[in-house]
Amino acid sequence: MEWLEKYWWIIVLVLLLGIFINVIKDLKRVDPKKYMANRPKLPPHRDFNDKWDDEDDWPQKKK
């Protein structure tokens with residue numbers, strides 16, 4: 001078990017490399033054109049930002 005104390009970082013690097021390879025494989029499967037054609041609609045905003053400031057703060061134009 002002495003080798004584990006010395007070379008634990010190699011095991012961590014191999015695990016990170018495996019994760020990185022799997023992420024690349026999964027991203028290659030994504031077809032952006034198909035997703036854009038069938039993308040879900042965005043839900044309506046729930047924070048009501050358009051209603052909190054009803055008054056117009058801009059100066060009025062002179063006619």
Side-chain angles (χ1 to χ4, degrees):
M1 286 308 221
E2 188 175 315
W3 63 272
L4 186 61
E5 293 174 4
K6 289 182 181 179
Y7 302 112
W8 61 269
W9 56 274
I10 294 175
I11 296 171
V12 172
L13 285 177
V14 169
L15 287 173
L16 288 175
L17 183 65
I19 291 170
F20 187 68
I21 290 171
N22 283 330
V23 166
I24 290 173
K25 284 182 188 177
D26 287 341
L27 286 176
K28 282 185 177 182
R29 282 194 242 155
V30 174
D31 185 13
K33 290 181 183 178
K34 184 177 179 183
Y35 174 76
M36 291 301 285
N38 299 322
R39 69 179 175 200
K41 291 185 178 180
L42 290 175
H45 294 292
R46 295 183 185 172
D47 54 1
F48 301 113
N49 277 339
D50 62 333
K51 296 178 183 175
W52 71 272
D53 190 14
D54 289 334
E55 59 192 43
D56 191 10
D57 295 336
W58 292 96
Q60 298 294 326
K61 290 185 179 180
K62 294 180 181 177
K63 292 185 179 183

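The first residue of the sequence shown is numbered 1, and numbering continues consecutively from there.
- Residue pairs meeting the salt bridge (charged side-chain N to carboxylate O under 4.0 Å, His left out) criterion with at least one partner in residues 8-17, sequence neighbours excluded, are absent.
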Less than 3.5 Å apart, which donor and acceptor atoms pair up between the side chains of residues 24-36 and the rest of the protein, not counting sequence neighbours?
residue: D26; atom: OD1; partner: R29; partner atom: NH2; Å: 2.9

For residues 9-22, run the donor-acceptor check on the side chains, cut-off 3.5 Å, and write out each pair with its distance to 0.1 Å, sequence neighbours left out.
residue: W9; atom: NE1; partner: K6; partner atom: O; Å: 3.3
residue: N22; atom: ND2; partner: G18; partner atom: O; Å: 3.3

